[in-house]
Each structure stands twice: as structure tokens, then as C-alpha cells.
Number of protein chains: 2
Amino acid sequence: VANPSAIPQMIEDPAHAAAPAIILVEPQLGENIGSTARAMLNCGLLDLRLVRPRDGWPNPAAIAMASGATAVLDAVRVYDDLASAAADLHRLYATTARHRDMVKHEVTPRHLAEEIHSYAAQGARSGILFGRERTGLENDEVAACHAVVVVPLNPAFTSLNLAQAVLLITYEWYQAQAQAPPRVLTTSDSYPALQADHQAFLDRLERSLEGHGYFRTPDLRPAIWRKIVNLLNRADLTEGDIRILHGMLSAFEGRHGPRSSSED
Amino acid sequence: VANPSAIPQMIEDPAHAAAPAIILVEPQLGENIGSTARAMLNCGLLDLRLVRPRDGWPNPAAIAMASGATAVLDAVRVYDDLASAAADLHRLYATTARHRDMVKHEVTPRHLAEEIHSYAAQGARSGILFGRERTGLENDEVAACHAVVVVPLNPAFTSLNLAQAVLLITYEWYQAQAQAPPRVLTTSDSYPALQADHQAFLDRLERSLEGHGYFRTPDLRPAIWRKIVNLLNRADLTEGDIRILHGMLSAFEGRHGPRSSSED
């Protein structure tokens, strides 16, 4: 450990002890270390370990790219070899883009997240290894891990930079413990309105309201009109809704709508 | 449409018609347009639309940052306003980091992905709006959308750059249609071995094999040892496994193990 005094108290906290460590093996560019720190803090991770960073540590280029993620950079620990970096961990995962000639478990980032949380519930801490920007992890380093993480992506274009790979994997870890409420999807047998038809109704409504002297105070008009646009969008209008609204507007204007039915 | 001739045939393909369009509203940096194209192609998306890009289009800085995602950049369409960019879409989603003083549905990227696929099954296409790097989307632009997408992140540090936000949201869209096989998590009532204990056994095994003349061909030794390290890691060894392995090794060496029990 090059700077043991930098180990933050929060790493000792039981909540953080359950979070995985991110281990960059021989990272080449300080910029990528900084972007990695930013992605980690986005996802509530604080434990960043570097094995033989090419340009040493600390690295000013990392600080410039971290966008304020100093809580991570200040706590970075540097190691001479992977075994030292991983000694206090129980589970190791290797990230790799190319297929290796090895018999190995492969997990998706989502299932990795579940696995890390599951082991953490038993008190076992995990580390996730990321290799060199150009060449990735060596076969011996992959062999030293319990499983390999592969991000499912467009098979024709799987190129991710280091910080993007860290972001996707730590994002999944955060989602697995976040309790963000999903939106309830309301289904309908009608068809969503086409934007062009929706906008045509809005244009007609605005002209009609203007013709009827609805907008009395010019200063308030933009805010009031925005509220009307917004409430109509919250309604998730269908094709049928647009026809009904046109019919209603025709009725208010004292003439028949475009169709024969009085309520259409 | 500034360059209608650039509309690729693949957009007309039913499979791609189900994919959302990505709409960047007044993007400032060409680098971010390039990174966005890269993230989109990673996730199998091809339909990128720009509303009033600050530095015009095409933009050499975008090409430099796209890392070969030319299928997306070649098909970019540029518009003078959001309404034109969205006219052929049915559903619009706004991405925003800060809370707005609006009554609005909020969805997570994961549920957005499910919603987009659900609407696509009815033939309705979606567009996802991303705002200016510095100031995001304007309130009128958010009002024009059916819902807002909020990425659940560490509330103390939610800062994402444009391409990272695109990556997380398009990643979720790809996952919702990818059939990547998850790993089955095998549970056990034993405790995973600590790396330090695991490594100590490996070191003892290697010395013991060497002492017994196991490594006969020096050239083959690294590959054979790697296979041994790898197979032992595939076994997901527990604390108890390590004790058993030490006991087995002691038996082969013709002496008792560190514990009293003969099989320990």
C-alpha cells in the first residue's frame, strides 16, 4: 500500500464494506483514472485501487477529469501487484471484451450486481478488475478471478472505453440496491397520437383561444400556454383523443367538426 | 430535414423502426456528438437527430471521437426545431438531471426501456431528448414530452456528461431486448475463501509440485500452472475447501496437515 493513510473511514463503514472495490490493472492514462473515479462516485462506490499505474500516482490529469469526484481520488490506494491489491477481498471478477481460451463462468453486469450483493449479505467483499486501455487483462490475471463479466452490446460494435465500462458495471451495482420507483405502464387499446397531429391540434387551440380573447395578460401568456401544453402531454393523448378534442373545439367555436358525428 | 439523402435504408427496416431515435437539442461540442454516436452503436441504435447543433454539421471533432461509429454519423439528420425533429415519432421522453416545477411522470431508464419496447410492439416509435451540455433542456422542451427520464444515481453526485447519459439509457434499451444468459448463482452454506488464504495454498502447491519434479518441461510450465490456477478458481473455493486441499497436500507429502483430523 503506497498511501495507507489515505484509507477513508467510510470504507470501514459496514454499508461501504458491502460495496465492491474497483481495481485498475496498469492503467495508462490519468484521464481514464479520473473518469473512472467520476463514474464510481456516480454509483456510490469509493474504493479505487491501482496496480502499477503507468504514470505513477498522484496524477494531475486524473484530477482534471474527475469533475469533483475527489472523495474517490483522495482514497486511491496503489499496489505493486494484483495479489496485494486483492488480499482483503473474497471474490474477484475480470472484465474482458474478447473471448479467452479458458473454461470460465461468464456473467452479465446485472447478474454480477446481484451476485455481489448476495455475497455481501454473507459478509464477503468483491473486487472488479479492469485491464490496460490497449490490451486489457492478461490471461494470468483472468485466471486469478472467479468469473468474467461481459457487457451485452451490439456484437458488431462492442468498443467501450475504460470509464464507460466502469460506468455500466457500477451503474448495475447501484441499481441492484436502489429503490427507485418505476413508472406504472398504463396500457390502452387506442393508438398513441402522431406528434404532427398532436401539434396541429395545439396550434388550432392556441389560435382559437387567442381569437376568443383568452390570453388577457401578455406577460402571463407563455407560462399559461406551457401549462396547457404540459397537461395535454401528461394525458398521453391517443388518435381518438385528438379527434374528440377537435370536435370539442369546433363546438366551442359554434360550428361542426370535421366529421359528421356531433361528438367527433 | 437538412440532409434527407442521408436517411439510411436500415432505418426503414421494421426492426430498426422499433428502436428509439436519439435527439440532441442544441449540442455544443462535436466531441460529445461523436461520443454519443459511439454509445448508440454500442447499443444497436442508428437514428441520431440534431436540433440546431452549435458548430453546424458535419463536424470533424465528432468524427474523431466516434471511434468508428460512422454508421451513426453518416445517417445524422439536422433540424431547425424540435417539432420537425419529432414529427414522425409517437412518444417523446426528456432526460433531465434537475427537478422541474412541473407535474410530470418520471421513469427510470430500465422502465423507459420496457415502455419503449411496449409501445414499439404497437408500432409506435419513441424519441429520447438530451439537452445542451451546460443548461440541459428548456422547460418548454420538457413540457413537450410525455415523461421525464431520471437515472437513479448517488444523490450526492449525479453529474454525468452527455455521452455517459446517452450510454446508460441506450444500454438499458439494449438489455431489454438482449437475451444474454445470466449466470446461475449457486448458493452454499460455506464461506468463500479469503484471497490471502487462497494464494497461500497456491504458493504451497506450486512449491510442492516443483519439489516432486512435476514441472518437467520449463517451456510448458507457465501454461500448465495457469490451467491449475484457473481450474481452482472455477471451483469457487470456500474456507473449508482450502483446509481440505492443505490436508490432501500434506498427505501427498507424507506428513500430517496443520490440523489434527487426518482429512483436514
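In what follows, chains carry the letters A, B, and so on, assigned in the order in which the sequence lines appear, proteins first and then strands, with residues in each chain numbered from 1.
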Measuring from atom CG of A/Asn42 to atom OG of A/Ser67, what distance do you get when rounded to the nearest 0.5 angstrom? 9.0 Å

Name the option with the most non-hydrogen atom pairs under 4.5 Å to chain B; the candidates are A/Leu167, A/Leu237, A/Val229, A/Leu232. A/Leu167

Interchain contact, A/Val151 with chain B, by part (heavy-atom threshold 4.5 Å): side chain

Salt-bridge contact A/Glu172-B/Arg110 (side-chain N to carboxylate O under 4.0 Å): yes

Name the option with the most non-hydrogen atom pairs under 4.5 Å to chain A; the candidates are B/Cys145, B/Ser159, B/Gly127, B/Ala86. B/Ser159

Applying a strict 4.5 Å limit to non-hydrogen atoms, the region of B/Leu112 in contact with chain A is neither

Tell me, out of A/Gly123, A/Ala87, A/Cys43, who's got the most heavy-atom pairs with chain B below 4.5 Å. A/Ala87

Side chain, backbone, both or neither: which part of B/Gln164 has an atom under 4.5 Å from a heavy atom of chain A? both

Non-hydrogen atoms of chain A under 4.5 Å away: do they reach the side chain of B/Ala156, the backbone, both or neither? neither

Toward chain A, the part of B/Thr158 with a non-hydrogen atom under 4.5 Å: backbone

Ionic contact status for A/Asp88 with A/Arg49, cut-off 4.0 Å: yes

Who among B/Gln199, B/Lys227, B/Gln175 has the most heavy-atom pairs with chain A under 4.5 Å? B/Gln175

Check A/Val166, A/Thr36, A/Ile23 against A/Leu48 for a side-chain contact (heavy atoms from CB on, under 4.5 Å) and give me the one that passes. A/Thr36

Looking only at B/Leu202, B/Asn161, B/Asn154, the option with the highest number of non-hydrogen pairs under 4.5 Å against chain A is B/Asn154

Is it the backbone or the side chain of B/Asp197 that comes under 4.5 Å from a heavy atom of chain A, or both, or neither? neither

Could B/Arg226 and A/Glu138 be called an ion pair, given the rule that one side-chain N must be under 4.0 Å from one carboxylate O? no

Given heavy-atom pairs under 4.5 angstrom as the criterion, report whether the side chain, backbone, both or neither of A/Pro222 touches chain B. neither

Does any backbone or side-chain atom of A/Leu160 lie under 4.5 Å from a heavy atom of chain B? Answer side chain, backbone, both or neither. both

Angle class for the B/Trp173/B/His117 ring planes (parallel below 30°, perpendicular above 60°, tilted otherwise)? parallel

Side chains of B/His198 and B/Gln195: is there a donor and an acceptor less than 3.5 Å apart? no

So B/Leu205 and B/Trp225, do their side chains get closer than 4.5 Å, heavy atoms only? yes

Derivation of the side chain to side chain donor-acceptor pair (under 3.5 Å) call for A/Ser35 and A/Asn32: CA-CA 5 Å; A/Ser35 305; A/Asn32 287 333; 4.9 Å; no

